[in-house]
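A quick write-up on the structure given underneath.
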Amino acid sequence: MINQAQKLQTLVSSKTNKKNTHFIAITSGKGGVGKSTISANLANVLSKNGYKVGLLDADIGLANLDVILNVKMGKNLLHVLKGECSLKEILIPINKNLTLIPGESGDEILKFNNQFLYERFLNEASELDELDFMIIDTGAGIGGNTQQFLEAADEIIVVTVPDPAAITDAYAVIKIVSRFKNNQLLLMNMVKNENEAVRIFENIKRVAAANIEPELKLELIGHLEADKEVSRSIKQRTLFTDDTSYGSSSMQIKQIVSNLLYRLERKVLTDDTNRSFGAFFKRLIEQF
């Protein structure tokens with residue numbers, strides 16, 4: 001008997017042509033390191049550069065992108081899977097090129113199991129076929145279903161701050177993720193300067209090289225210095241990349257975006273993987 005994963009594969013193949021959406025997961029070892037703020041502003045900068053971007057709130061139990069973006073969430077992906085609304089109905093436009101996809105019930109989403117409604121959902125997933133990027137704001141740590149989102153993503157950015165506990169937790173995530181993805185990116189947040197970011201990165205990289213097998217390819221994608229403008233934007237529920245587009249933090253996150261785009265340009269895709277939103281969701285289900 002054909003299993004659920006095979007049915008999903010057949011459905012996705014028949015409903016969509018090959019797409020080229022890049023799925024970028026933003027994660028961290030612990031909460032409070034600025035992961036969601038970075039996710040929102042990274043997505044914002046990409047959208048302002050003309051890319052079609054989806055922002056998926058997958059921070060299970062602590063979803064707060066609606067607060068950061070100052071929008072009101074109604075229904076989410078779980079309601080779509082239950083057949084209570086369409087995918088199009090839950091999408092929240094942030095600007096011309098940026099769309100928020102509410103997923104605050106992410107834990108339940110991956111537990112929900114109804115083949116008929118999955119197929120209906122995948123039929124509707126074409127709403128997001130034109131996305132160039134999907135930024136996934138995952139939960140902190142590696143517990144729950146966070147690992148499933150990480151495994152399904154193309155790129156993983158681990159966010160940490162210059163705090164011993166945060167660095168230790170970030171390393172723990174890097175070590176676990178290395179079991180299924182050798183290439184990872186580290187983003188240093190709230191540092192004093194670039195030198196501090198590079199120093200901490202080199203220390204993590206050295207420890208990882210000595211203890212993680214197979215050899216891990218860890219890159220520093222960039223850094224953000226501690227900035228009062230960022231704190232102010234959080235309190236005001238705005239994006240610092242809009243408030244001070246030429247401020248130091250905005251320029252630093254623009255450099256991170258530039259580094260990410262350059263990295264993706266260097267990567268040569270040698271497979272025929274379907275890179276649509278429907279295919280991404282199928283990869284999630286296959287791991288459950």
Side-chain angles (χ1 to χ4, degrees), residues 8-26 38-58 65-66 68-69 71 73-81 83 85-103 106 109 117-138 149 152-157 239 241-242 253-254 256-258 260-286:
L8 290 170
Q9 174 67 61
T10 301
L11 182 67
V12 171
S13 298
S14 65
K15 294 296 180 183
T16 61
N17 296 318
K18 184 181 177 182
K19 304 298 177 182
N20 197 31
T21 304
H22 297 286
F23 294 88
I24 315 295
I26 315 292
I38 287 171
S39 296
N41 282 278
L42 186 72
N44 189 47
V45 170
L46 281 167
S47 72
K48 294 297 177 67
N49 280 328
Y51 294 101
K52 296 290 185 182
V53 184
L55 183 56
L56 176 60
D57 199 345
L65 283 176
D66 57 329
I68 292 172
L69 296 168
V71 296
M73 285 189 185
K75 295 182 177 180
N76 53 54
L77 277 178
L78 183 61
H79 297 100
V80 179
L81 288 171
C85 62
S86 68
L87 178 61
K88 187 175 183 178
E89 289 178 273
I90 73 166
L91 302 180
I92 302 173
I94 304 302
N95 63 42
K96 182 176 70 172
N97 292 325
L98 177 59
T99 301
L100 175 63
I101 306 164
I109 287 171
L117 292 177
Y118 272 144
E119 292 179 1
R120 172 181 162 175
F121 172 79
L122 290 172
N123 281 330
E124 296 180 2
S126 59
E127 289 286 342
L128 299 171
D129 276 352
E130 300 307 313
L131 291 179
D132 298 302
F133 289 91
M134 176 71 76
I135 306 300
I136 307 158
D137 182 25
T138 75
F149 283 99
D154 300 316
E155 300 284 350
I156 297 173
I157 298 177
L239 298 177
T241 45
D242 282 338
I253 206 158
K254 287 175 183 177
I256 290 168
V257 167
S258 179
L260 180 63
L261 292 173
Y262 177 69
R263 173 183 170 83
L264 293 173
E265 287 173 1
R266 286 185 298 151
K267 290 184 71 173
V268 179
L269 298 176
T270 57
D271 58 38
D272 293 320
T273 303
N274 187 321
R275 302 168 70 81
S276 66
F277 179 71
F280 171 79
F281 196 83
K282 179 191 71 66
R283 293 201 297 273
L284 282 176
I285 301 305
E286 284 179 337

Taking every non-hydrogen atom, the tightest pair across [X] and [Y]:
X: Glu130; Y: Lys52; answer: O-CB, 3.6 Å
X: Leu55; Y: Ser39; answer: CD1-O, 4.0 Å
X: Val80; Y: Ser86; answer: CG2-O, 3.7 Å
X: Ile101; Y: Met134; answer: CD1-CE, 3.4 Å
X: Lys75; Y: Cys85; answer: CD-SG, 3.9 Å

Is [X] reaching over with its side chain to a backbone N or O of [Y], donor-acceptor style, under 3.5 angstrom?
X: Thr99; Y: Leu91; value: no
X: Asp137; Y: Asp57; value: no
X: Asn41; Y: Thr241; value: yes

Do the side chains of [Y] and [X] get nearer than 4.5 Å, heavy atoms only?
X: Lys254; Y: Asn49; value: no
X: Asp132; Y: Val53; value: no
X: Ile38; Y: Ile256; value: no
X: Leu42; Y: Val45; value: no
X: His79; Y: Glu89; value: no
X: Ser47; Y: Asn44; value: yes
X: Ile135; Y: Leu46; value: yes

Taking the six-membered ring for Trp, are Phe133 and His22 parallel (under 30°), tilted (30 to 60°) or perpendicular (over 60°)?
-> tilted
Rounded to the nearest 0.5 Å, how far apart are [atom1] of [X] and [atom2] of [Y]?
X: Asn76; Y: Asp66; atom1: CG; atom2: CG; answer: 10.5 Å
X: Phe149; Y: Thr138; atom1: CZ; atom2: OG1; answer: 8.5 Å
X: Thr21; Y: Leu128; atom1: OG1; atom2: CG; answer: 8.5 Å
X: Asn97; Y: Leu131; atom1: CG; atom2: CG; answer: 10.0 Å
X: Ile94; Y: Leu239; atom1: CD1; atom2: CG; answer: 8.5 Å
X: Phe280; Y: Ser276; atom1: CZ; atom2: OG; answer: 11.0 Å

